[in-house]
Amino acid sequence: MKHAHQNQCLDRTERNCSEDTAKKLSTIFLKYRKDKDDLLSILQDIQDEFGYLSEEAIHLLSKEIRISENEIYGVATFYAIFRFEKPAEHRITVCMGTACYVNGADKILDEAEQKLGIKTGQTTEDGKISIGHVFCNGCCGHAPVVVVDNEVSGGWTPTKLDKTIDKLKEGSP
Amino acid sequence: MITINGKQYPFKAGQTVLEAATAAGVYIPTLCSHPHLTAFGACRLCLVQIDNVRGLPTACTIPLTDGMNIRTESEDIQRLRREIMLLMLSEHPYSCLVCKDKDLCVKYNSCTTKAGKITGCNLCSWKEGCEVRKVVDYLKIDEITYPIHYHDYPLKREEPFIDRDYNLCVLCGRCVRVCEDIRGIGAIAFLNRGHKTRVGTAFDMSNVEAGCVFCGACLDECPTAALTGRATKWLAKTEKRTKTTCNFCGVGCAMVVEGRRSTVMRAQADLEGPANKGQACVLGRFCIPSFFNAIGRLRYPLVRKDGVLTPVQWEEALKAAADGLKAHDPGDVRIIISPQVTNETAYLLSRMSREVLPGSIMELDSAFDTVALRSSRELLGNAGSSGSLVAINNAGTILIVGADLHLDHSVLRVRINAAHKRGAKVIWLGPMPQGEDRLVDYHYPGTDYLDKLAGLLRKMAHDAHNFEGSNEFLESLVGFKDSKESTELAKLIRGKSLCILLGKGVLMDQPEAVFTAAYNLLVLTRSPRGLILLLESNSQGISDVSGLPTAALESPPAAKAYYVTSGNAYVPKEADFLVLQDIFESPLMERADVVLPGTGMPEDAGTITSLEGRVQALDPIALAPGMSKQDWLIVAKLAIQMGGAGFAYDTAGQVTEEMFKATKVKSLGLIAKDSYAFKLHTMEQPQRTAHSSPTNKNVHGHRGADIVYKVDDLRRLYKYWGVVE
Amino acid sequence: MNEAAWSGAKETWKALKDSERPVIYLGVASCGRAAGALAVKGAIQSQLKSRSIDARIVDVGCIGPCFMEPLVYIQLPGGPPVVYANVTVAEASRLVDEVIDGGAHITERAIGVLADAPMWGLPRFFDHPMLAPQVRLVLRNCGLIDPTSIEHYLAMDGYLGLKNALAKTPEQVIEEVAASGLRGRGGAGFSTGMKWKLCRDAPGDVKYLICNADEGNPGTFVNRTLLEGDPHAVLEGMVIAAYAIGASLGFIYIRHEYPLVREYIHKATLDMRRIGLLGDNIMDSGFDFDIQIRTGALAFVCGEETALMASVMGHRGMPKPRPPFPATSGLWGKPTNINNTETMGTVPLVLRMGGASYAKYGIKGSSGTKTFSLGGKVRNTGCIEVPMGTPLRNIVFDIGGGVAKGKSFKAVQTGGPSGGCVPSSLIDTGVDYEKLTNLGAIMGSGGLIVMDEDTCMVDMARYFLSFTQDESCGKCVPCRIGTKRMLEILERITQGEGDVDDILRLEGLCETINKGSLCGLGQTAPNPILTTLRYFRNEYDAHIIEKRCPARTCKALMRFEILAEKCTGCDDCRGICAPGAISGEPGIPHAIDQSKCTKCGVCQDVCPPKNSAVARMDNVDREADQ
């Protein structure tokens, strides 16, 4: 039949998605109704599970909740938490909230950028460390604040960060 | 009453300030609003002042209340608009917009040199239509204080049909909204946020991969040249435009076509089109110029001389054709009508068949349309759809059977999408293209339509008792089986008003029985106007003016002489005389004795009738190439040549007038549907015989040619979709 | 849910206070954790274990003074809890050894008792200078109860407000809230009673409620403190609000950076459902209501009501023009009421004490108390609560203890990126909605950032613009492009490349963006610039005309110099200087090679305070020198 073309249609997912990924995704989908209202929550769950939003995951999700991949990607790129590439082994996030900024957070970020030779939002070539910034962690009483691998702590100085990076490079946080 | 700039105007409830102002002829600048889209409020140019309303609200979003006093042009507002526009222009190549020679440039430099990057209007192909220019002129901006910020987005010129240069994009969002809200596709979306916001696809995949169907709606919405039609953008300025009707399928989309000299150059959906309401599909939007201007058009009448088709004058060709046909007993003459010819041509052909060749047999060159029209005539007493396209919008449940709405009749998706958004359930029986699942609540991929529909009828059996013929009907259902699908379907259909779209996929099953089942479903759901037949181009009109299709014959006698208007028609090898009237060279030419070059839609005058029974006019924008003539005229001249009387017409309009008097087609517009009595029909018992696939091997057969093979970009798209090799 | 629940809870609470075992209260809110509270907790636990001491550890939220964290209060049998501040891991085991095992408090190490009167020579903790001037209504339970225990909340008369509310008609509840004069604590200060009434009166059977816990203002953490210290207060407020407006479903939209809040709220809603405070027939009143948790995903603009609703529905958080207002057409087109976390947290109090009694706090027009997060260059950082109308001077100098490190006070920034800077000359202004708005600042959700002489106000304006620019949703032209153009101008000025027309350009852009933008984020984006232009015009002029940064923080306009007369050649700076710009031999004054210096300031950080040999200089001085 000439217009039954969906059978021959290129289906990226079925080609690329590993069984394991599909399984994990379907476990996440089970928690929700098949409803686009839950999109943001599902995306957060996917990122929690895989560390980032992959093309395959978004493709499968679009089939599940029946909205286009483009729309999902549009929603995901609107929100700053979502990543679309495998995250680095260690992530340094410098808080740039007002309290941290007036207490010299920019210098700490500068130090990280200089030390690693990358810009905020980038990952070192070996995929080991990435640096980023966030506008406020809500721990302003301890400014300046830095988040190293999800652990928030206060009272940072460029010197302290310098030493931390050395330790991360060696492999022990 | 409301007051705009000191003058009083009436208004309708629910209207926005912008709508009322537009209706009153008061111009309010805007870039992000469009009559068909919901208000967005992003461009901030339609700011107005309203007494007792805080701040400067946007006219496109503020609903009117009685007594509103609105000012649209105070000095404050104009200054603010100017500042906002300057900001927008700081990210849009603006140098030409404030050039002192702007007007001269438009006058003397209308067509442009081909350029890669557009860095000013002088290199832009969309000067005439550009809405940004219009606003700049209105606000009298003659100086821009910001340096140009050029985003330097890569140009996207690898996709079919549409070139994209998002450096010109002003992020009005009309393309995104029309794609998502009106078309229900979502092939593009806003990505990122803040200053990095742009329009694009997931992971920057190509638009083809992202699910674009290239309907061109985004292109028509774009106020700038961020989106341009590749095939037409660098052509010279068009000289004329007119409204006509697309006949690539049976939807009957009203189109605005533009041309220059003898050629059609651009086609766009008509915002006021009753069937399409400003929407088109890839065929109508992009393929009209490319197809009809493609190589291989027939230009001269040809007569086979010594085995070779030789160009001749019309008189000679008509004589050869007439002599050949007349040489046969009329009973041995077969006239095959292409669904693409006009009502006038079909009317004259049927007159010719009756008056000049009495006893000759006419056929409609479409297997599905023939069955559909014949069955509907038997069931409803009226050949054609039982309702208009509004039935789709109003339905509680829409049942799509054996159709492929990506390829054919895809503008109907707009109505299905609107209904779906409103809450209607959509059921798809048969193979479904990828991406359609967004629109569909239940999908059954099999082609055993009859079994599924009959099973559904069984589920709804106890609704049957109120109707005439219920006993026989119920008995006739005994041979069918239940299935879990039938149960699901019954849940979605029962108690709702139903609209059934029947497409040519039903030829895979027992088409007549499928039609009967569909009809019975309409009876049981009390949805008399719910049957929509997805007919080809003008099959409905041809049926209306010629009485085709005739009742089915068990084994139609073979004919000896053929007069066909489509190079696609089936003509047996044994035929000893063939007159082929077509617009493109086709395989059938090898066997033709006489070839008569006709005309296509952009060159045609007359009327065609859409699948909902809407009679619409064709207005020629292009001249027929070479010596070709409009088809009705060829038929008339041939009839005269064969001794027919009353075939002398000067214009197509005279034929139309006569046709309006002589046939059931009485005027332009929707033909009123006869009401019909609800009566259940017995179902044919299922036969387990294999059915052949449709004989027509073309994807988009248009007379003797296939649009896909004439339009490269369409072929590329269909190749990706796996429709063609 | 009946009276027994309260009496049972009170007994549990009493048993805790009269415990035979020592009780250790640990402040483990996010701020405490950032200060190392979990490590301290671990140390205490292991020490207790190794010494086989039977003691109870109770996790509590933050009482407010973040600068004292980690905070540990130890309650020995028969006595009140004694507060130990800034406890280190090393000290933790000492506390276990000496206090818990030894049975006596280390009074010289402790800073106060949580009792009604001084004891053992220790002052009341709440008499601490940072706490004494405060009036703690909303934060009353924070840091004192276990936020994961619904019993603790009930013991503090929790859910009595809801009980009172359910005994009234919804209209009466709204009247009560209106009588309290409560205004939205999220920034704009719209009357809460009025807002509820609009939603109540909107036609429609289905209505929704949203609690905005997406505290996105940089430098603000009042909502986090409340939610991590006393989550039930906010949830109780939500149930009352839902009853008043007739909502059947509520959403609490929690900021992504607050995982602890998410955890606590999740636990709290489970507890509420368990005892019939959520779900069908709440407190046998026939009222049905439930709460769903939604997590933000880092978008400041989602604090805007229409953007917040879009986000709750899973869309891009792009605001929509109003009308229609959320009260008539919100989530899924239904009437929706949105309140800030602190507003919700205040509601139970109003219903418990009565609107008129609540209105006695604060001043006319701005009643009640307001929480602020005090941060920046102030000595006592933390979350505080004061009556409306309290002068900023009292907040900065009395509660905050003045500017840290002996620097001089320059300004206090309120309202985050939508607010403005109040200069020292106006420090006596009382905090209320109107007064702050008149100054060009706004109340906002409660961020108060103190700035000293080292803060460059032009750079602050640039900082806030870079924030709004980053967080703009990108929908409307003035905000998307206008903030970018403003940021470019400010960057130019701080680079020393500004020209005199830049101020005019900025003012023009401010007006365009303020009047032309779609939503509050854009409309208020110019505020940081407008207030700095208003109060610190001289700093702009210095940057533009003199090419000088008065605070000597704008890198392009300053340089570091080692003062030869002060430098002892200790070599601390030379070793740490990453680009190797410092030269010198140990014992001999060092010098900085300006061509190599990246102005990271590390040398100044490491220079021993007794020397203070690294100084910041104007770059122009050097040019003049040459």
Side-chain angles (χ1 to χ4, degrees), chain A residues 35-45 47 65 67 71-72 74-82 93 95-108 110-111 114-115 133-143 145-147 150-155 157-162, chain C residues 30-31 33-36 65-67 69 215-221 224 255-258 294-300 311-318 332 373-377 381-383 413 416 447 449-452 455 460 463-464 467 470-471 473 576 578-579 598 600-602 605-606:
Chain A
D35 199 320
K36 63 182 284 187
D37 299 340
D38 292 328
L39 176 58
L40 207 49
S41 310
I42 301 175
L43 287 174
Q44 288 171 350
D45 278 8
Q47 177 148 311
I65 59 174
I67 58 179
E71 214 185 327
I72 297 177
V75 169
T77 51
F78 184 86
Y79 296 96
I81 59 162
F82 294 114
T93 311
C95 180
M96 291 286 273
T98 322
C100 293
Y101 185 76
V102 300
N103 279 305
D106 52 333
K107 286 189 210 148
I108 296 174
D110 282 354
E111 174 67 24
Q114 256 177 41
K115 172 110 184 162
H133 71 271
V134 63
F135 282 110
C136 201
N137 280 289
C139 295
C140 317
H142 304 295
V145 168
V146 174
V147 190
N150 293 331
E151 197 163 308
V152 186
S153 52
T157 60
T159 323
K160 184 174 165 191
L161 189 74
D162 195 273
Chain C
S30 300
C31 46
R33 291 174 188 215
C66 290
F67 72 104
E69 288 179 320
E215 185 169 48
N217 264 351
T220 311
F221 53 93
R224 181 187 60 70
R255 188 161 188 245
H256 173 262
E257 280 87 341
Y258 294 172
R294 292 283 156 112
T295 310
L298 271 193
F300 175 66
S311 188
V312 167
M313 294 188 286
H315 304 272
R316 288 166 64 85
M318 296 201 293
W332 300 285
S373 47
L374 195 53
K377 305 280 187 77
T381 58
C383 182
Q413 211 278 350
I449 305 291
V450 175
M451 294 157 188
D452 67 6
T455 313
M460 274 327 285
Y463 163 79
F464 280 117
F467 175 84
D470 227 50
E471 297 290 341
C473 82
I576 202 138
T598 59
C600 66
V602 171
D605 290 343
V606 297

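Just so you know, these numbers use all the heavy atoms, side chains as well, and skip hydrogens, waters and symmetry mates. The model shown is predicted, which means the values in this text are computed figures rather than measured ones.
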*Does A:D38 pair with C:R294 as a salt bridge, N-O distance under 4.0 Å?*
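Salt bridge flag = yes for C:R294 with A:D38.
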
I'd like to know if the side chain of [X] and the backbone of [Y] have a donor-acceptor N/O pair within less than 3.5 Å.
X      : Y      : result
C:R33  : A:V152 : no
C:E215 : A:G138 : no
A:Y101 : C:M460 : no
A:S153 : C:A34  : no

*Considering non-hydrogen atoms only, spot the tightest contact between A:G97 and C:P218 and give its length.*
CA-CB, 3.7 Å

So which part of [X] gets closer than 4.5 Å to some heavy atom of chain A, the side chain, the backbone, both or neither?
X      : value
C:F464 : side chain
C:C383 : neither
C:Q413 : neither

*Sequence neighbours left out, what passes side-chain contact (heavy atoms from CB on, under 4.5 Å) with C:D452? Give chain and number order.*
C:K377, C:V403, C:K407, C:D454, C:T455

*Among all residues two or more places apart in sequence or in another chain, which pass the side-chain contact (heavy atoms from CB on, under 4.5 Å) test with A:T159?*
A:T157, A:K163, C:I576, C:V602, C:V606

*Are the side chains of A:C136 and C:R255 in touch, meaning some heavy atoms are under 4.5 Å apart?*
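Yes, their side chains come closer than 4.5 Å.
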
Between [X] and chain C, which part of the residue has a heavy atom less than 4.5 Å away: side chain, backbone, both or neither?
X      : answer
A:V145 : neither
A:V134 : side chain
A:N137 : both

_Separation between NE2 of C:H315 and CG of A:L39, rounded to the nearest 0.5 Å_ =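 Rounded to the nearest 0.5 Å, the NE2-CG separation comes to 9.0 Å.
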
*asked:* Rounded to the nearest 0.5 Å, what separates atom NE2 in A:H142 from atom SG in C:C66?
replied: 5.0 Å

*asked:* Could you go through C:T220 and A:C140, starting from their C-alpha distance and side-chain angles, then the distance that decides it, and tell me whether this counts as side-chain contact (heavy atoms from CB on, under 4.5 Å)?
replied: CA-CA 7 Å; C:T220 311; A:C140 317; over 6 Å; no

*Geometric class of the A:F135/C:F467 ring pair [parallel <30°, tilted 30-60°, perpendicular >60°]*: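 Perpendicular: the ring planes of C:F467 and A:F135 meet at over 60°.
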
*Select, from A:E151, A:K107, A:K115, the one with the greatest count of heavy-atom pairs under 4.5 Å involving chain C.*
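Max contact count across the listed options: A:K107.
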
